[in-house]
Amino acid sequence: MTTTPSDFIRDIIDADLASGKHSQVVTRFPPEPNGYMHIGHAKAVCLSFGLALQYKGRCNLRFDDTNPAKEDQEYVDSIAADIKWLGFDLGEGPLFASDYFDTMYEIAEKLIGEGKAYVCDLSDEQTREYRGSLQEAGKESPRRNQSPAENLDLFRKMRAGDFPDGSYVLRAKIDMAASNMKMRDPLLYRIRHDHHDRTGDTWPIYPMYDFAHPLEDALEGITHSLCTLEFENNRELYNWIVANSGLPGKPEQTEFARLALGYTIMSKRKLLQLVEQNLVSGWDDPRMPTIAGMRRRGYRAEAIVRFCDLIGVSKNNSTVDIGKLEYAVRDDLNSVAPRVMAVLEPIKLTITGYPEGKSESISAPYFPPDIGKPGERDLSFSNNLYIEASDFAETPTKGFRRLAPGRWIRLRHAYCVRCDEVIKDEAGKVVEVRCSYDPNSLGENGPAGEKVWGVIHWVDSKTSLAAEVRIYDRLFKSERPGAGDDFLDHLNPDSLSRYSAQVEASIGTAEADTKIRYQFERQGYFIEDNVDSKPGALVFNRTIGLRDSWVKSKTVTTSEAPEIKTAQSSRAATRPKSRTKADIRQSARKHDSALSERFARYQSEGLSEGDSDLLSGASEWGDRLEALVAAGLSFSDAAKWLINEQPREDDLPIEFASPVSEFPALLAALESRISSSKARKIWKELAQKKGSAEALIKAIEADRIDDGDSLAPIVAKIMSDNSDKVTTYRGGKEALFGFFVGQVMRAAKGKASAKLVKDVLLRMLNEKGDAQ
RNA sequence: UGGGGAGUCAUCCAAUGGCAGGAUAACCGGCUUUGAAUCGGUUUAUGGAGGUUCGAAUCCUCUCUCCCCAACCA
């Protein structure tokens, strides 16, 4: 159904497996049980559980229940149920962070003993104040250098419950001046005399996320700990905790972009608000983006999983078009939902020529031929039917392909009828249309010589069942309801409409397994509501409407108010510019006269100001430049290499040792003997393995195809293998030249010189073209 | 003393120095007893400016925009 996705996370895993860093993949999904799962969580679940499935590893569902104030058993149950429903295996059941509280406590004591953590009694306002700001370093707590013994004593008293909430905390002793705010002596434990759902009253202290989470991962042998982008800053602390925990596990955190969906709110806090203020009927209201809501609305797990495949995984902060979800849902339901008929806004259709009291049974398939599924039901037909009010127009507009006075239309699966008469109520509303019918039109045939304008659905008023049908529209009117001041302002007042519908009789007697979901033909996919529907009082939810190019063509430009970019957060607005690399180089020169001397000298040697700036920003650059020049290279060649071609040391392994002594030989060969890309390759090799540049250059030269005659057959083969592309190229698509170069290079295993390849290709591509 | 991330069709995701590709959306057409499905076709993108290279979305420099971090939340 779907191809195996590939993304940066899978790349990392593949590399870890290939290098032997890990032999299996263990992931985890760690929700806090403080709300129902929504589609955003589903993305994370599909990722972490999907990875476990794909790599035959394991994924733990672990509840991060470290804050007793907000958490509840109801949420634990619903989350576990939702994940199962999505189709993932919970193994031996969910795990709980609270099960590790003892171990976490021991590790905290160990940290205290090692002088890496201390008990602090600053109030929360003071703590914030002491933390400093984004621009300024923080201040150290007066308790920071307290002895381990004293800290241990205090911490044990915290644990014993001797102190009130908020009086003390345990903090890691890291660095109050760290540029990463998360590293400024983060809190590890706080005092909370709260009842915990699982541990009861045994703990008056609870670990903080940043302390607990890495320990949980390490304890469970998690290899790849995936979380959302906002935790990027926490990674440094995560690694600190893992490294100092003494635990053997070596989990690594990788962040990906959380899901944002248009017209949808994904904040648990805001969803809770909708529930608590009764703006929706509950967490499972079909308009909610929760798994429970979507399930009740009729989405199948398959559709949600498919959607998650469709949107991919990346680090881009993006908002997915809600249409993509709707597509996944329709596409899924199309092949599984039996077709039936239902009339949402009934008006009467009376067939004047059809005998009163007569009733016939028409068999109709549940699926159209292209679905290729068996099954059928019987439709009853009589002279009194209901049709959709919107399927009749007294004065049809252009393009209207439904019933109108004098027009023939087909009643789906049944006869063709012609409208002869329209009956209205006092208000002028059409309540009934009277039609004649063609008794010979039941099967394939239409009325002889008459145009049939279209096909409409109907139900037999004598057998049809009354049902309430609920149509859902998006909960919010604006694409980014969360962006403004109050998201409730964006609530769509028309997100729910109810219809007194008539549905065909077969729905009441259908087998249980066909009964779940239907397509009401020409309208959409529907599901019987699992809460409110009762025999005799049916209730259907519309899962999603069918694509409708008619409605779309009518609704000319919905002219939605253009989205206004929201003002950036006040914090972002006051954020000062940080120093650029250029600033840093400049200030380095200011403090080092040797550098500023170089800056001037390089320019006088003919380098541009920009190049001179780059090469005089730190002493090692100039050192290299001068080594090259001393070896006989011109300033400009040496500068070019250093700036543009020399591999960055960040890209190289730790053991990188700058092979400065090999510079001259390498660079001397650059123009005449090897290409810059080869030189770069050699450079990397030298950095890793040492050896001599000259030897490597010689090896390349010895191996090189350097005459056109031996290249020609390769080129000829590429050309005959890609004759279509040759034609396109000769037709003028010159972008393909790069393709040919690449193909030849690959075929020659990189042994051909690019210049030669280019020459030969150019000659052969054009020559033959002329010959033909 | 600030730091950490991200910029590719309208939207989401690819392209790991070598044909800018897929999906959704849109548009046109075929088929149709669902204005659905399906089939065929079309439109649309590398934030900007320089540089290196035979060849740059990819490497280098500068620049612009957006997101995250200063909860005893996770």
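Predicted model, so just to flag it, every value in this text is computed and none were measured. Protein chains get the first letters and strands the later ones, always in sequence-line order, with residue 1 at the start of each.
Checked by distance alone, Asn180(A) brings no side-chain donor or acceptor within 3.5 Å of a matching partner on the base of G4(B). The base of G18(B) does not come close enough to the side chain of Arg746(A) for any donor and acceptor atom to sit less than 3.5 Å apart. Between the side chain of Lys725(A) and the base of C19(B) there is at least one donor-acceptor pair of N/O atoms closer than 3.5 Å. In the interface, the side chain of Asn233(A) is paired with the base of G3(B) through a donor and an acceptor atom under 3.5 Å apart.
As judged by a 4.0 angstrom heavy-atom cut-off over every strand, Met745(A) is placed among the base-contacting residues. Within the 4.0 angstrom heavy-atom criterion, only backbone atoms of the sugar-phosphate kind lie near Asn334(A); the bases stay farther away. Within 4.0 Å (heavy atoms only), Thr319(A) reaches sugar-phosphate atoms of the nucleic acid but no base atom. Within 4.0 Å of Gly610(A), counting heavy atoms only, lies no atom of the nucleic acid at all. Residue-level contact check: Phe400(A) touches the bases, meaning some heavy atom is under 4.0 Å from a base atom. Counting any heavy atom pair closer than 4.0 Å across all strands shown, Lys182(A) reaches a base atom. Using a 4.0 Å heavy-atom criterion, one finds that Asp165(A) contacts no nucleic acid atom at all. At the heavy-atom level, Arg585(A) lies under 4.0 Å from the strands shown only through sugar-phosphate atoms. In this structure, Ala178(A) reaches the bases: a heavy-atom distance under 4.0 Å links it to at least one base atom across the strands shown. Within 4.0 Å of Arg401(A), counting heavy atoms only, lies at least one base atom of the nucleic acid.
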Q. With the sugar-phosphate defined as primed atoms, P, OP1 and OP2, and the base as all remaining atoms, what B/S/- string results for nucleotides 22-29 of chain B, 5' to 3', for protein heavy atoms under 4.0 Å?
A. -BS-S---

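Going from the P atom of A37(B) to that of A20(B) covers 32 Å, rounded to whole Å.
More than 90° away from 0 lies the glycosidic angle of A37(B), which makes this nucleotide anti.
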